[in-house]
Every structure is written in C-alpha cells, then in structure tokens.
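Take a look at the structure set out below.
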Amino acid sequence: MPKKKKETSLKISIDKFKEIILTDYRLISEVRESGLQGRRDVLSGKGSFGIFGDGKELAQVAMAKVFRNGDFRAGYYRDQALMTAIGQYSPKHMFSALYGDPELEREPSSGSRQMMNHFGTRFLNDDGSWRNLMNQKNSTSDMACLASQFPRLVGLAQASQVYRDNPELAKRNPGFTNDGNEIAFATIGNSSCAEGHFWEAVNAIGVLQVPAIISIWDDGYGISVSNEVQMTKSDVSEVLKGFQMDKKGAGYDIVKVKGWDYPSLVSAYEKAEKLAREEHIPSIIHVIEMTQPTGHSTSGSHERYKSKERLQWEQDFDCIKKFQEWITESKIATADELYVIDKESVDIVKKQKKEAWTEYQTPIKKEWKELLEVFNSISAQVNIPEIAEWIQDLNQSAMFGLFRRDFMSKARTLLGMIVNESIPEKATLRNFINRINSENHERYNTKLYNETSTSVHNVSEVKPTYDSNTEEVDGRIIIRDNFHHMFDAIPEAMIFGEDVGKIGGVNQGCEGLQDKFGEIRVADTGIREATIIGQGIGLSLRGLKPIAEMQYLDYVIYGFQSMVDDISSLHYRTHGGQITPLIIRTRGHRLEGIWHSGSPMGMLLNGTRGMYLCVPRDMTRAAGFYNTLMQSNDPAMVIECLNGYRVKEKLPNNIGEFRVPLGKVETTKEGSEITLVTYGSTWRIVMDAADKLDKAGISCEVIDIQTLVPFDLSHDIVESVKKTSRLLVIDEDVPGGASAYILQKIIEEQDAYNYLDSEPQTLSAKAHRPPYGKDGDYFSKPSSDDVFEKVYGIMNEVDPSKFPSLY
Ligand SMILES: Cc1ncc(C[n+]2csc(CCOP(=O)(O)OP(=O)(O)O)c2C)c(N)n1
C-alpha cells in the first residue's frame with residue numbers, strides 16, 4: 001500500500017509539473033502572438049507605435065515565479081510577459097493601450113496617457129487613499145526614459161529594510177509591508193546599463209544592502225548600437241564583477257544566465273529570491289543571449305543593422321524555439337501538443353484584439369452618430385457644401401477607426417461658419433462641443449496634481465504663536481527644533497542626504513537628530529543626488545514620509561531628471577493611480593559663488609509642473625511648509641534661504657505644530673503707489689528698499705509669494721494692483737526666468753492688465769552665473785539699491801517733476 005501511495009503522489013507531481021510548464025508555454029505563446037498581431041495593427045494604422053517583449057519572454061516567466069504579493073517592480077517596456085505572468089496584463093490590455101483607449105477600466109496603467117507597454121499598477125483608490133499593497137503585485141509606473149526606473153529602485157528596496165529594522169513601524173503600516181519581506185525587482189536593457197543612473201543605483205543598493213533583484217535583458221543591442229559600443233569589454237556583468245560579494249565585503253550575488261535556458265533561469269531566480277527575501281542580499285541576473293525576433297520596435301527593421309549570421313542565430317536561439325526543444329526532448333509534451341497551444345493562442349489573441357478594438361471604438365462612433373444628425377440638420381437649413389464632404393470622409397473613417405479629433409475639428413470649424421445663423425442647431429452643436437471637450441478634459445488634462453482629500457489643500461493652516469517674551473534665535477534653530485518635534489510625532493518621517501546624519505547637515509538644521517532617531521531615519525548618504533531623490537520616491541511609494549535633502553540647490557540638477565520625469569508626471573501619467581509624497585529639501589538663492597548662489601527657479605518651475613514649489617523667506621515659513629506637507633500625499637520641494645540660517649527669528653511656542661498653507665501670499669508691508677512682488681532671499685532686500693522708498697515719498701506694498709506653485713490661489717496680488725495700479729516683480733533668477741512666470745500669472749490669469757497705469761516690470765539677476773565674492777554678488781544680483789532705482793524710475797515716468805531723474 002505505501003508503495004502505491006508514493007506512485008500516486010509522484011504521478012500527480014509529474015502532471016502538475018507538466019501543467020506548470022504548459023501554462024508557461026501558453027502564456028509565452030500568447031504574449032508573442034499579441035506582439036505579432038500588434039505589430040500588424042501599427043503597420044495598418046490602427047495604433048501609432050508598438051514596442052513589444054518578444055525574445056525576452058522566457059526569463060520573465062521564470063522571474064514571475066518568485067514575484068509575490070507585496071513585491072514591487074521598477075521596469076521598462078519589455079516586460080510584457082512578466083506583467084502577464086503576475087496577472088496584471090493581458091493581450092486585451094495590450095491592444096487597448098496600442099489603440100490609445102483612454103478608459104481606465106480597459107487601460108489601467110495610465111488610461112492611455114502613456115505609450116503602450118509602459119506598465120503600472122494602481123496603488124491608490126479613487127479617493128486618493130492607498131490600497132493595501134501587500135495584497136497585490138505592484139509595478140511602479142514605467143517611463144520611456146531609459147534607466148530612469150533605477151533611482152526609485154533604491155527606495156523601493158530600502159523600505160523593506162526600514163520596516164524589518166523597526167517592527168513597530170511595520171505594524172503601523174500593514175498595507176505597505178509584510179515584516180520587510182518584500183523584494184524590489186528591476187529590469188533594464190543591456191544598453192541602458194551604460195547610463196549613469198544604473199551605476200549610481202547599483203552602488204547605492206550595494207552599500208545599503210537592501211533586497212533588490214536586478215535583471216538585465218541582454219539582446220546585444222540598443223536599437224542599432226551593439227554591446228561593443230555600449231559597454232567596456234562588451235559585457236556588463238564582466239564590468240560589474242567588483243560588486244560581487246566576497247571576503248572583502250558585502251555586495252551582490254551576480255549571475256549570468258542564458259535567456260533561452262528555462263531550468264537555469266528558474267533556479268537563478270529561486271536563488272536570488274532566497275537571498276533577497278531571507279537575508280536582504282541583492283542580486284544581479286544578467287540574462288544573455290536574448291533575441292529580438294521583430295526588431296526593436298515598429299519604428300524600423302533590424303535587418304538594416306544586423307548581419308545575416310546574427311539574424312540566423314537569433315532565429316535558432318529564439319527562447320520559444322529553445323523552450324519547445326527542451327519540452328519535447330524532456331518528453332514533457334509533444335510537438336503536436338505545443339502546436340495546438342500555438343494555434344489556440346492565435347485565436348485567443350485575435351478574439352481579445354477584436355474586443356479591445358470594438359470597446360474602444362463603440363463610444364467614439366456613438367458620438368459621431370450624434371454629431372452626424374446635427375450636421376444633417378444644419379446642412380438642410382444652411383448651404384455649406386463642405387458638410388457633405390466631411391460626412392462622407394468621417395463615415396469612411398468610421399469603417400476603419402475614428403479619432404474624436406477628426407469629428408471635433410469639423411464640429412468646431414462648422415460652429416465658426418454658422419455663428420451668424422439663427423438656427424436652434426447652433427446651440428445643439430455648441431453643447432455637443434462643450435460636452436466632448438469637458439469629457440476629454442477628464443481623460444487627458446486632469447490629475448497633474450492630486451485632486452483628492454489627501455491633497456495639501458485640505459491641510460488646515462495653524463499659525464505660529466509666540467510667548468510675550470519670545471526670544472530671537474538663529475533661523476536654523478527653528479528648523480532643527482521643528483524636525484525634532486516632527487520626528488517624534490511622525491514615525492514614518494525620514495531624512496537623508498549628504499552630511500545630514502552625523503554632523504546634522506551643513507547648516508545644522510538636523511543637529512542631534514540622528515542621535516535621537518537612529519541611523520536609518522536620519523542618514524548620511526553617498527554623494528549621489530539622482531538616487532537620493534530616487535530613494536525618496538521609492539520610500540514614499542511604500543508608506544514612508546521621506547525628506548530627501550539636496551545639499552545645495554545648484555546640485556539639484558543631478559537629480560532633476562527624476563524630478564521632471566518621474567515625480568512630476570507620476571500622478572498624471574498613471575491617471576491618479578500612483579503618487580509620491582516626497583519632500584525635497586534644499587537651500588539656495590543668494591550666497592557667494594557660481595555654484596552656491598544659484599536661483600534657477602524658472603528651470604525648476606518649467607520642469608516640475610506636477611510638484612509644488614515652496615520658496616520660504618525665512619526658516620519659520622520653511623518649517624511651516626514641512627509641517628503642512630507632511631500631512632498630505634503631495635510631492636514638493638522646499639528651498640530654504642542659504643543666507644537665512646543665522647538670521648534671527650522669533651521662536652514660535654507651537655514648534656512642530658504650526659502649518660503654513662501653500663498657495664497663499666503674504667502682504668508684509670502695506671502701501672499705495674506700487675506693488676512689489678517677490679519671494680525667498682530677495683524679500684529682505686525688497687523690504688529694505690521699500691523703507692528707503694517710503695522716505696523718498698514712494699509708498700510700496702510688498703507681497704511675499706511664498707509658494708511659486710501653487711501660485712496665489714485666492715488672487716490677492718491683483719487686489720493689491722487694483723489699489724496701486726503699478727507692479728514690479730523682483731527675484732534673483734535669470735531675466736525672463738521665474739519673473740516671466742510670475743508676470744504671466746498676475747497679468748494673464750489674474751487679469752491685472754486692466755488695472756495698470758504703468759508698464760509692469762521685472763527686476764532679476766544678470767543672465768550669467770552669480771560670481772564669487774561680495775562685489776560679484778552686488779554687481780550681478782538685485783540689491784536694495786537696484787530695487788530703489790527701479791521703483792524710482794517707474795515713478796519718474798509717472799511724475800518727473802516730483803521724482804526727477806537720478807542719473
Ligand atoms: C534616456 C533615453 N535615451 C534614448 C532613448 C531612445 N531609445 C529608446 S529604446 C533605446 C535602446 C535601448 O536599448 P536597451 O537598453 O538595450 O533595451 P532594449 O530596447 O534593447 O530592450 C533607445 C536608445 C530613450 N528612450 N531614453
């Protein structure tokens with residue numbers, strides 16, 4: 001009897017084994033087929049662009065076997081098989097994305113705001129609250145910018161360490177961790193490994209020893225450029241060898257494995273999983289000998305740059321072909337069985353493709369039908385021969401595929417043509433246009449910022465309060481004491497950056513913080529701005545409240561790519577599915593020297609729409625912004641004034657609790673003849689000049705903008721301009737930098753043009769970098785004298801007899 005039992009269980013396990021293999025085969029077969037059919041759809045014009053995962057499927061199926069609920073992916077556009085194998089994608093999803101279907105239920109990664117095969121799962125509920133990320137397999141949102149997923153990988157992996165190190169914190173955040181057992185998986189193409197982001201992140205993860213598994217999909221090329229041009233020794237894992245853990249120290253386990261070798265791939269991922277999940281040791285899996293059966297993308301053919309021999313090799317070593325050979329040679333299934341699966345895959349993909357197309361086109365065609373009736377009705381009353389032509393064209397397009405653009409453009413043209421007709425259809429047409437515009441505003445123009453209850457706009461203001469005998473302290477004391485209170489109150493708060501830990505920051509704003517809250521919550525980092533920001537992104541996606549510190553504003557540019565491409569676009573590009581509640585702390589504006597005085601606010605403003613930009617004039621306001629932002633889900637940057645740490649300020653008695661609202665300006669001096677609008681370090685200069693101008697008989701109103709984004713939400717500045725009818729904007733960016741933005745806001749959005757009696761003007765720094773030294777500063781950045789003369793000049797134009805020319 002016992003013998004029989006053993007046979008039965010063995011038989012079941014063989015059946016089960018076969019089932020697993022054939023399930024993998026079916027999945028790969030469907031993914032490959034969807035790529036082939038998708039490619040044809042692009043060539044026939046149904047989609048604009050196609051980029052597929054063909055040639056990379058087998059490794060991804062192996063990887064999916066160790067990707068568990070609660071794990072995170074930071075990957076790129078090749079991961080179709082992985083996303084399908086972890087249950088987050090299907091051929092139908094792929095076609096919906098390829099066609100650009102904007103409905104989230106059919107294209108949940110982004111509602112087609114992104115190109116097809118740029119993946120992302122939903123982390124947020126519709127009300128902005130976080131889902132339980134431990135109950136799902138998580139993919140952070142892809143970007144087309146190669147290697148840009150690597151900075152955030154650092155934080156995604158580090159969060160597991162933070163939670164494992166602090167079980168109390170883990171208990172507080174069950175939706176973000178399962179005792180720190182989660183792995184952060186990254187994928188990248190071989191050529192993208194030539195990017196700096198890759199090396200910076202690999203180094204940071206190696207130093208931190210956090211659970212990441214990095215997979216490099218190596219097909220030998222980056223579009224047309226081969227590994228010889230991309231990488232030293234043409235081989236990334238050769239170059240990576242110094243990162244291998246050994247007697248000299250901790251590092252990575254680095255494995256090289258062939259992309260068509262199923263058993264080796266499976267065991268490579270099993271080993272990497274064990275190391276990462278149990279010991280938090282990171283791995284790099286370099287998957288070589290991958291292929292590109294249909295070339296890089298639909299944008300061109302690889303026959304142009306690959307030799308005949310290479311193309312033949314790619315056919316021979318195609319991972320599906322090799323998988324078939326392994327299955328049949330191991331007698332797991334016959335060639336006929338596989339053939340049946342392949343045939344079924346073709347039908348399944350065809351069916352899903354058809355469904356995706358029909359579901360995409362049905363609502364659009366319905367709208368066209370509605371408009372057609374309006375067109376016919378107008379045509380019957382007004383002689384416009386073009387209408388018949390348009391109807392014919394649009395009806396013809398509708399047989400293949402219709403874009404809303406096609407009929408909306410005609411509808412709007414027609415409205416212009418009948419504007420003088422008195423027919424009821426004019427209103428019908430106008431209503432139709434307004435409705436479609438508003439529906440598409442929802443589809444395409446919303447969610448750049450968080451519009452839910454977790455937005456910073458729902459955090460109530462708490463004013464700083466003072467004892468009657470309040471002492472004056474250096475500004476840095478306010479920042480420091482505020483952080484101490486914040487870290488006591490918010491266990492998720494973390495701060496890290498260069499020199500932040502041991503010495504408490506270059507300006508001592510974090511003094512004593514590490515001693516009190518430990519080396520994980522208050523940490524020194526390597527000099528690696530891109531991954532300091534990335535670390536913040538990853539941590540914030542996992543329920544923590546990080547403050548990523550950039551030592552000086554001038555060095556933010558190293559991390560700017562992640563700010564622009566990742567943080568700022570994340571909520572928009574996921575259609576509200578993800579957000580990064582990260583605060584970037586830095587200090588800038590005026591000090592001395594080309595790289596210690598920058599105030600590149602226009603650059604920041606124009607690159608980071610989607611983030612908030614706080615420009616406090618002193619440390620009380622800066623602390624108040626941190627306190628506000630900590631209560632919200634929104635990403636923001638706070639720029640402290642470099643020259644403000646030793647300036648005396650009154651110490652509030654509600655430190656850690658007062659909150660400064662975003663988007664609210666402050667009038668710091670009332671006046672009647674001109675409105676001076678400024679922010680940050682120039683505020684003191686402007687206030688000083690305003691006092692001198694008072695004495696010269698010119699009454700100035702001074703407004704501190706406080707936050708450039710959002711900008712004066714209640715339009716208080718125009719109220720001041722209504723009173724003074726004159727406007728000067730002062731900052732220390734380049735001419736036409738942030739001051740141009742500020743003018744656009746006041747003149748155009750707030751309609752101040754109607755209330756001006758003098759030309760609105762700006763006073764900024766010179767266009768060159770700020771030079772070193774007191775005189776370099778004086779002759780390059782706006783001084784109190786410059787402000788005085790500029791205002792005086794405006795008043796000279798108004799009343800030359802009262803204010804005769806100075807020069
Ligand atoms: C930063 C950046 N530079 C250039 C491109 C244009 N581009 C798109 S894919 C690609 C090649 C990438 O090759 P590889 O990293 O090997 O990945 P593969 O596509 O081969 O999987 C290039 C140059 C880009 N998207 N991003």
Practice problem: Show your working on salt bridge (Lys or Arg N to Asp or Glu O under 4.0 Å) between Lys502 and Glu519 and close with a plain yes or no. | Solution: CA-CA 9 Å; Lys502 207 169 282 170; Glu519 287 181 18; over 6 Å; no
Residues [X] and [Y]: side-chain donor-acceptor under 3.5 angstrom:
X      : Y      : answer
Arg521 : Asn166 : no
Asn138 : Gln136 : yes
Ser141 : Thr574 : no
Tyr645 : Asp474 : no
Thr177 : Glu182 : yes
Tyr572 : Arg609 : no
Ser681 : Arg590 : no

For the residue pair [X] and [Y], what are the closest heavy atoms and their distance?
X      : Y      : value
Asn132 : Pro174 : OD1-O, 4.0 Å
Ala738 : Leu605 : CB-CD1, 3.8 Å
Ile205 : Leu153 : CD1-CD2, 3.5 Å

Self-check item: CG-CE distance between Leu582 and Met494, expressed to the nearest 0.5 angstrom
Solution: 11.5 Å
Quiz item: Could you state the interatomic distance from CD1 (Ile478) to CD1 (Ile655), rounded to the nearest 0.5 Å?
Solution: 6.0 Å
Quiz item: His118 versus Ser110: any side-chain heavy-atom pair under 4.5 Å?
Solution: no
Quiz item: Do the non-hydrogen side-chain atoms of Tyr252 and Gln244 ever get within less than 4.5 Å of each other?
Solution: no
Self-check item: ring pair (Phe, Tyr, Trp, His ring centres under 6.0 Å) partners for Phe198, two or more places apart
Solution: Phe150
Exercise. Sequence neighbours left out, what passes ring pair (Phe, Tyr, Trp, His ring centres under 6.0 Å) with Trp130? Give chain and number order.
Key: Phe176
Self-check item: From Glu732, Arg617, Met687, residue fulfilling side-chain contact (heavy atoms from CB on, under 4.5 Å) relative to Thr682
Solution: Glu732
Quiz item: Any ion pair linking Arg68 and Asp71 (charged N to carboxylate O, less than 4.0 Å)?
Solution: no
Quiz item: How far apart are the C-alpha atoms of Tyr612 and Phe625, what are their side-chain angles, what is the distance that settles it, and do they pass the ring pair (Phe, Tyr, Trp, His ring centres under 6.0 Å) test?
Solution: CA-CA 11 Å; Tyr612 292 128; Phe625 285 136; over 10 Å; no
Self-check item: Asp127: partners by side chain to side chain contact (heavy atoms under 4.5 Å, CB included), with sequence neighbours left out
Solution: Asn125, Ser129
Exercise. Would you check if the distance from the ring center of Phe67 to the ring center of Phe185 is below 6.0 Å?
Key: yes
